[in-house]
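Below is one structure, written out as C-alpha cells, with a few remarks after it.
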Amino acid sequence: MGMGSDSAAIPFSTTTTSPRFCNPISHTRIFSDVAEDVTVSVDGQSFLLHKFPLVSRCGRVRKMVVDSKDTDLLKLELVNVPGGAFAFELAAKFCYGSNFEITTANVAHLRCVAEYLEMTEDYQEENLIFRTEIYLNEIVLKNLDKSLEVLCKCDGLDPTVEEVGLVDRCVDAIAMNASKEQLVSGLAHLECHVGSGKLHTHSQDWWVEDLSALRIDHYRHVITAMRRNGVRPESIGTSIMHYAQTSLKGVERRHVWDSGPFVGDDQRMIVETLIDLLATENITTVTLSFLFGMLRMAIEVDASLDCRIEVEKRIGLQLEMASLDDLLIPSTQTSDSMFDVDTVHRILVNFLQRIDEDDSGELSPCGYDSEGLKSPSHSSVLKVGRLMDGYLAEIAPDPYLKLQKFMALIELLPDYARIVDDGLYRAIDIYLKAHPSLTESECKKLCKLIDCQKLSQDASSHAAQNDRLPIQMVVRVLYFEQLRLKSSFSGGGSGGCGDGGLSQRFICSSGVPSSCVSPQRDNYASLRRENRELKLEISRMRVRLTELEREQGLMKQQGMRGGDGRAGEHGRAFLASLSRGFGRISMFGGPAAAEKRRRKKSSRSSQGSEGKNRRRQKASFAYD
C-alpha cells in the first residue's frame, strides 16, 4: 500500500488480470477469464462475480452463502446498500484486487459499503474498513478543505454514515481546523503601529463560502461545533448570511393574490434552522437588512411562529437603524391589507420594550435620566417616531387597511416620540382621503390622536382649511394657535407645559422636559411670527366668510322675510371682525413700531382738527 501526497489518494496493487465491463445497466462482468458462479443484484443492477473473492473479504456475503439452504447458490440480492451500485462496484474491485484509488470523492462511499458488507479484519488483514480508516485519519481529518469535501459526499449514505460516526468526525475536524486556521491567520496578519501602539488583525476566512455547499443539517452541526471551538462570531455570522443567500436565492416573492403551496419543506427547514442558529448560538453580528430578509423569507415559506418572533425581537433591538423600505413587508393574506401591519406592530412593541428596559435603571421623576433628551434611548425613540410617521403615510392609501390597525400603530408610540405632529397629521389626512366611507365618529376618534399644540405653522394653516377634518379639529387648531400667539406676544417664550412656542416645548404628560430648545429672539424670528399670525388671521376670515355664505343660502331657500337685514347684521359683524383682525395684523410692527407710534402720538393729536376737515372734504367729494 502506498500513499500519494500530491493526489491525496491511496492506490492498491493489482493482479495481472484486468477487468472487463459488459452492459453497465443490466449485467456487469468483473472478470472474463473464469466463469462466474454467482450473480449479485444491487438496486436493480446485476453483477456477475465469483463467490470466493467476496466470501474471503465480506462477512455479510459469507453469512448469506452459509445460511442459504441451496448448496448451489447462484444469485444474491443485496438491499439498502449505502452508495448503491457505485459503492458496491468499488468494494467488488477491492475484493478482486483491482487497481483504484481512495480519494475524497469516494472514501465516504467505500467506508459505508465496507461497513455494510462487514469487511473487517476478522476475515482478512488490511481489509477495506482498515484501509479507509487510514485514509480518513491520515489525510482527510487533518485538512479543513478535504473534511468539507468528504462531508458533502456523505449525502445519501444515511443511516450507515451516521452509524460509523463519519459525519461527526468530519464536523469536529472542520471546526477544529477552522479554529486553528483563524488563530494562525490572525497571528500572521497581526500589525502593530509603532506610533499609536494599536493592534489590527486582517483575516479572511475562505471556508465561509465553502460551507454553503453542505446540507442544512450538516451545516447546523458544523456551526455548533465552531462556536464550541471558539471560532469568531463575526465569521459565523458572515457564513450564515452567505448560506442563506446561496440556498434561498431561488425563492421568489409571492403576491397577495397567490394561493396554495408555494415552497417545499426543504426551504422552510433552511429558514427555520438558520433563525434557530442565530438564537441558540447567540449570533448578533448579522446586519439589519439580513434580518429583514430572513423575516420576509419566514413569512413567504410559512415558517413557525417562534422563528418569526425571534427575528422580530432581533429587529426590535435596532429598529432605529431601519429604513422605510425595510418595513414595507407585503402581506400574504388575500383578504388582508397590502402590507403586513401586524408584523410591524409586533416589531414596534419589541422596540418599546427594549427602551423600557434601557431606561428602567436610573430614571428621574419625569421618566428620564439626568441627560434628559440627550439620552441614547430618547434619540432612538425620536428616530423611530419619524420612521413610523413615514410608514403610516405609506400604508394610509391602502383601501383595505382597517381603522383599528391604523390607530393601533399610532397609539403605540408615546407622546415624546414626536417633536411635531406634522408627519402624523399628513398620514391621517391621507387615510381620510383614501377612506371616504368613514363615519363622523370614526373621523373624530382618529383626529383626536393629533396633538394640535405640536403642529407647525404650515400644518396648522392646512388643517384650518381642510374639509376632510371634523369641525372640532379645526376649532382646536385655531384655538391653540391663538393661545400660542398670545403667549409669544406676552414674552412667555420660556414655556412650561402651557402654550409656549412649538419648538420650545413638549407635553409634560409624556415625561419630557417642557423646554428643550431656547430659540434666539432675533428679527428673523419676529418676522416669522408676524407672517404666521397673518396667515392664521386670513384662515379665520375665510372660515367665517364660509359660514356667513352658508347662512345666507339657507335663508334664501326658506324665503324668510327680513333676511336682508339679518344678512346685513351678519355682514357688519363679519366686517367688524375682519377689521379687528387686520387691526391685530397691523400690530405686528413689534417694539420698533410701537415706539414709532408713541413718537407720532403727540403730532397726531395736534393735527386732529385739520385731519377731520380733510376727511369731511374727501367724504363730500366721494359722495358727490
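Count residues from 1 along the sequence.
- In this structure a side-chain-to-backbone donor-acceptor pair under 3.5 Å is missing from Ser239 to Ser235.
- Enclosure of atom NZ in Lys405 by more than 12 non-hydrogen atoms of other residues, nucleotides or ligands within 6.0 angstrom is indicated.
- A salt bridge links Glu138 with Lys142; the closest basic N to acidic carboxylate O contact falls under 4.0 Å.
- A 6.0 Å sphere centred on CE of Met241 holds more than 12 heavy atoms belonging to other residues, nucleotides or ligands.
- The shortest distance between side-chain heavy atoms of Leu409 and Tyr391 falls below 4.5 Å.
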Check the pair Leu144 / Lys180 against side-chain contact (heavy atoms from CB on, under 4.5 Å), numbers first and verdict last.
-> CA-CA 10 Å; Leu144 175 56; Lys180 290 180 180 179; over 6 Å; no
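- Counting non-hydrogen atoms of neighbouring residues, nucleotides and ligands closer than 6.0 angstrom, the CD atom of Glu209 reaches no more than 12 such neighbours.
- Residue-environment remark: CZ (Phe86) exceeds the threshold of 12 foreign heavy atoms within 6.0 Å.
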Between Asn137 and Arg169, does a side-chain contact (heavy atoms from CB on, under 4.5 Å) hold up when you go through it step by step?
-> CA-CA 10 Å; Asn137 295 328; Arg169 293 159 65 189; 3.1 Å; yes
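- Leu54 has its side chain out of reach of Val65: every pair of non-hydrogen atoms, C-beta onward, lies at least 4.5 Å apart.
- The shortest side-chain heavy-atom distance between Thr132 and Leu128 falls under the 4.5 Å cut-off.
- Across all non-hydrogen atoms, the minimal contact from Glu126 to Arg131 is OE1-NH2, 3.1 Å.
- Classification of the Tyr243-Tyr219 ring pair by plane angle, with boundaries at 30° and 60°, yields parallel.
- Taking every heavy atom of both residues into account, Arg354 and Gly316 meet most closely at NH1-O, 4.0 Å.
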Mind listing the side-chain donor-acceptor pairs of residues 272-280 below 3.5 Å, one per line with the distance, residues two or more places apart or on another chain?
{"unit_1": "Glu272", "atom_1": "OE2", "unit_2": "Ser304", "atom_2": "N", "d": "3.1"}
{"unit_1": "Thr273", "atom_1": "OG1", "unit_2": "Met269", "atom_2": "O", "d": "2.7"}
{"unit_1": "Asp276", "atom_1": "OD2", "unit_2": "Arg220", "atom_2": "NH1", "d": "3.3"}
{"unit_1": "Asp276", "atom_1": "OD2", "unit_2": "Arg220", "atom_2": "NH2", "d": "2.3"}
{"unit_1": "Thr280", "atom_1": "OG1", "unit_2": "Asp276", "atom_2": "O", "d": "2.8"}

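- A side-chain donor-acceptor contact under 3.5 Å links Ser179 to the backbone of Asn229.
- Leu412 has its side chain within reach of His345: a pair of non-hydrogen atoms, C-beta onward, lies under 4.5 Å apart.
- Formation of a donor-acceptor pair under 3.5 Å by the Asn127 side chain with backbone atoms of Ile129 is not found in this model.
- Aromatic ring pairs are classed by plane angle as parallel below 30°, tilted from 30° to 60° and perpendicular above 60°; the pair His50 and Tyr96 is perpendicular.
- In this structure, the side chain of Gln182 engages the main chain of Arg232 through a donor-acceptor pair within 3.5 Å.
- For Asn80, the CG atom counts as loosely surrounded, since its 6.0 Å shell holds 12 or fewer non-hydrogen atoms of other residues, nucleotides or ligands.
- In this structure, the side chain of Arg62 engages the main chain of Val55 through a donor-acceptor pair within 3.5 Å.
- Classified by interplanar angle (parallel below 30°, tilted 30° to 60°, perpendicular above 60°), the ring pair His218/His221 is tilted.
- Judged by distance alone, the side chain of Ser98 and the main-chain N or O of Phe94 form no donor-acceptor pair under 3.5 Å.
- Considering only heavy atoms from C-beta on, Thr343 stays 4.5 Å or farther from Arg308 through its side chain.
- A heavy-atom distance below 4.5 Å is not found between the side chains of Leu117 and Arg57.
- Residues Glu163 and Glu115 have side chains not in contact (no heavy-atom distance under 4.5 Å, counting atoms from C-beta outward).
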